[in-house]
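What follows is a set of notes on a single structure, which appears directly below.
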Amino acid sequence: MKKILTVTGIIITILILLLTIGGLILAKRIKQYQINSGTNVEWNLEDGQCYKNLRYGLGCRNTYDLYIPAKGRPTALMLFVHGGSWVAGEKEDIAYAARRFAKQGYITATMNYTRIKQDSIDYISNHKLPSFVSMIDEMQQAVKAIKQECDSRGYNLSQMAIGGYSAGAHLAMLYATKYINSSPLPVKFQISWVGPADMDMLFPMDEQQLAQIKQVSANEQNNKLRLEMALFIHSISGRKIPLEELTVERIREIKLSFSPTYMVSADTPPAILAYGANDKLVSAKQGEKMADVLKQYGIDHKLFVFPNSGHELGGDADYTLQVNNAITEYCEKYFE
């Protein structure tokens, strides 16, 4: 019996030791990922003030966090938009970017928006369901509210930069291209961390796929394929279009109208683009295509393709530093 207990004790000790070692290795990897991706940014009292969950509207998700640096009287806002495939994510997910550049002396903010599928439009609005259009409207409302909040605190904001990660980067680029002339503050430059720039590239569709959906009887209104297509079209355009009226070309037209690469104009501000060479979700080709279009228009931009990183951009600490330095350079170059 004693031998059994002794052997059991040894096994338990070994298991505890293995778990401890495994935990240390995991903690080390997490710390290294945070260093590589630049997400390990702290915010202390000496850095300034952070005002949490301020409101820009009446909706449940209409909140933002505001970072005001301890020194100076900044006139520029840097707004950062979280990712999550337009259906998930929180403003806290991209707080590291707001902290980093607030510590450099700029007023920064992160915001929530009403997400597709997960949320509902729970306030008086022209939109019945969340879509790219409603999200852009909320971003404009947020900028207006942030400006008013800063005015009340003695900060006269006169310009801004906008950036985001993944889906948030798509919204940021859309804001800085298609909706550039309706921003409450002039946008001096934009930042995309792995943002989809071409919706047709991200969501390709051919005649056969559309035919399969249309073959479903119109009487089967609750058919999953029909519902998903209806939601997809509405999520992009904010409009309800009968399935029978859709063609592959019409769907492509809708996708392109909300693709930043097709919305670039002479009014588009400079851009910093960061993508992962190993990204399986948003191909680096998205960033390369956006860079090509910006080049055609003679718009200043910098493209960084992280050679060892996927969607999380966590494999290249040196490239993270280059991107952060480029953002600082653009702040100094374009903010007046």
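Keep in mind that what you see is a predicted model, and the values were worked out from it rather than measured. Throughout, residue positions are numbered sequentially from 1 according to the sequence presented. Note: hydrogens, waters and symmetry copies are ignored here, and every other heavy atom, side chains too, is used.
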Residue pair Ser182 / Gln140: nearest heavy atoms and the distance that separates them:
OG-NE2, 2.7 Å
Are Ile241 and Val248 connected into the same hydrophobic cluster when the rule is that any two of I, L, V, M, F, W, Y join if their side-chain heavy atoms are below 4.5 Å apart?
yes
Residues sharing Tyr67's hydrophobic cluster, by side-chain heavy-atom contacts under 4.5 Å among ILVMFWY, directly or via others?
Trp43
Straight-line distance of Met173 CE to Leu273 CG, nearest 0.5 Å:
7.0 Å
Is there a side-chain contact between Ile233 and Ile254, using heavy atoms and a 4.5 Å cut-off?
yes
Would you say that Cys50 contacts Leu66 through its side chain, given a criterion of any heavy-atom pair below 4.5 Å between the two side chains?
no
Looking at every non-hydrogen atom in both residues, tell me the closest pair between Pro307 and Asn278 and how far apart they are.
O-ND2, 3.5 Å
Check the hydrophobic clustering (I, L, V, M, F, W, Y; side-chain heavy atoms under 4.5 Å; chains of links allowed) and say if Leu77 and Tyr179 are grouped together.
yes
Charged N-O contact under 4.0 Å between Glu46 and Lys103
no
Against Thr63, only a single residue in Lys91, Met111, Glu90 fulfils side chain to side chain contact (heavy atoms under 4.5 Å, CB included); can you say which?
Lys91
Just by modelled atom types, is the Gly84 backbone N or O under 3.5 Å from a matching donor or acceptor in the Arg115 side chain?
no
Evaluate the criterion side chain to side chain contact (heavy atoms under 4.5 Å, CB included) for residue pair Val264 and Leu294; output intermediate values, then yes/no.
CA-CA 7 Å; Val264 173; Leu294 292 169; 4.1 Å; yes
Check for a donor-acceptor pair, side chain of Asp300 on one end and backbone N or O of Pro270 on the other, with a separation under 3.5 Å.
no
Using a 3.5 Å distance criterion without hydrogens, assess whether the side chain of Asp316 forms a donor-acceptor pair with backbone atoms of Asp318.
no
Mind telling me whether Tyr319 and Phe306 have parallel, tilted or perpendicular rings, with 30° and 60° as the class edges?
tilted
Kindly say whether Gly59 contributes a backbone atom to a donor-acceptor pair with the side chain of Asn62 at under 3.5 angstrom?
yes
To the nearest 0.5 Å, how far apart are NZ in Lys147 and CG in Asn156?
5.5 Å
Verify same cluster id: Met199, Leu129 (apolar side-chain graph, 4.5 Å):
no
Backbone N/O of Thr261 and side chain of Ser259: donor-acceptor pair under 3.5 Å:
no
Mind running side chain to side chain contact (heavy atoms under 4.5 Å, CB included) on Thr268 and Gln190 for me, showing each step along the way?
CA-CA 9 Å; Thr268 299; Gln190 56 182 310; 3.4 Å; yes
Please tell me if the side chains of Phe189 and Gln159 come closer than 4.5 Å, counting only heavy atoms from C-beta onward.
no
Exercise: do His311 and Ser166 side chains pair donor with acceptor under 3.5 Å:
yes
Atom CZ in Arg99, atom OG1 in Thr108: separation rounded to 0.5 Å?
10.0 Å
Count the heavy atoms belonging to other residues, nucleotides or ligands that lie under 6.0 Å from NZ of Lys289, then report whether that count exceeds 12.
yes
If we count only N and O atoms by modelled type, under 3.5 Å, do the side chains of Asp119 and Thr114 hold a donor and an acceptor together?
no
Would Met201 end up clustered with Ile236 when hydrophobic side chains under 4.5 Å apart are linked, directly or stepwise?
no
Can you tell me if Asp65 uses its side chain to pair, donor with acceptor, with the backbone of Ala109 under 3.5 Å?
no
Give the intermediate values and the outcome of side chain to side chain contact (heavy atoms under 4.5 Å, CB included) for residues Val143 and Tyr56.
CA-CA 8 Å; Val143 172; Tyr56 66 82; over 6 Å; no
Listed pairs under 3.5 Å, donor-acceptor, residues 321-328 side chains, sequence neighbours left out:
from	atom 1	to	atom 2	distance (Å)
Asn324	ND2	Thr320	O	3.3
Asn325	ND2	Leu321	O	3.3
Thr328	OG1	Gln104	OE1	2.9
Thr328	OG1	Gln104	NE2	3.2
Thr328	OG1	Asn324	O	3.1

Do NZ/NE/NH1/NH2 and the carboxylate oxygens of Arg250 and Glu253 come within less than 4.0 Å?
yes
I'd like to know whether NZ of Lys52 has more than 12 heavy-atom contacts from other residues, nucleotides or ligands below 6.0 angstrom.
yes
Cluster overlap Tyr123 with Tyr64, hydrophobic side-chain contacts below 4.5 Å:
no
Donor-acceptor pair, side chain of Gln286 and main chain of Ala197, under 3.5 angstrom:
yes
Charged tip of Lys178 within 45° of Phe258 ring normal and under 6.0 Å:
yes
Minimal heavy-atom distance between Ala284 and Val305, with the atoms involved, is CB-CG1, 4.1 Å
May I ask you to test the Asn40-Tyr96 pair for a side-chain heavy-atom distance under 4.5 Å?
no
Value for CD (Glu149) from CZ (Arg55), rounded to nearest 0.5 Å, stands at 13.0 Å
Using the rule ring-ring contact (aromatic ring centres under 6.0 Å, His included), only one of Tyr334, Phe80, Phe335, Tyr155 pairs with Tyr106; which is it?
Phe335
Could you tell me whether the side chain of Leu185 reaches within less than 4.5 Å of the side chain of Ile146, counting heavy atoms only?
no
Stepwise, does the side chain to side chain contact (heavy atoms under 4.5 Å, CB included) test hold for Lys240 with Lys128?
CA-CA 10 Å; Lys240 185 177 180 180; Lys128 293 184 178 180; over 6 Å; no
Listing request: all ring-ring contact (aromatic ring centres under 6.0 Å, His included) pairs with a residue in residues 190-210, at least two apart in sequence or in separate chains.
Phe203-Phe232
Using a strict cut-off of less than 4.0 Å between a Lys/Arg side-chain nitrogen and an Asp/Glu carboxylate oxygen, indicate whether Lys295 and Glu288 qualify as a salt bridge.
no
Determine the minimum heavy-atom distance between Ile121 and Pro130, stating which atoms define it.
CG1-N, 3.9 Å
Look at the side chain of Ser85 and the backbone N and O of Val87, then say whether any donor-acceptor pair between them is shorter than 3.5 Å.
no
Hey, does Met290 have a side-chain heavy atom less than 4.5 Å from the side chain of Thr177?
yes
Contact between Met139 and Tyr113 at the side-chain level, heavy atoms closer than 4.5 Å - yes or no?
no
All heavy atoms of Ser183 vs all of Tyr175, minimum pair found to be OG-OH, 2.7 Å
Would you say the side chain of Ile272 lies within less than 4.5 Å of the side chain of Tyr330, judging by non-hydrogen atoms?
yes
Measure the spacing between CG of Asp93 and OG1 of Thr110 and express it to the nearest 0.5 Å.
9.0 Å
If you round to the nearest 0.5 Å, how far is OH of Tyr165 from CD1 of Ile94?
9.5 Å
Check Ala169 against Ser192 and note the closest heavy-atom contact, atom names and distance.
CB-OG, 3.5 Å
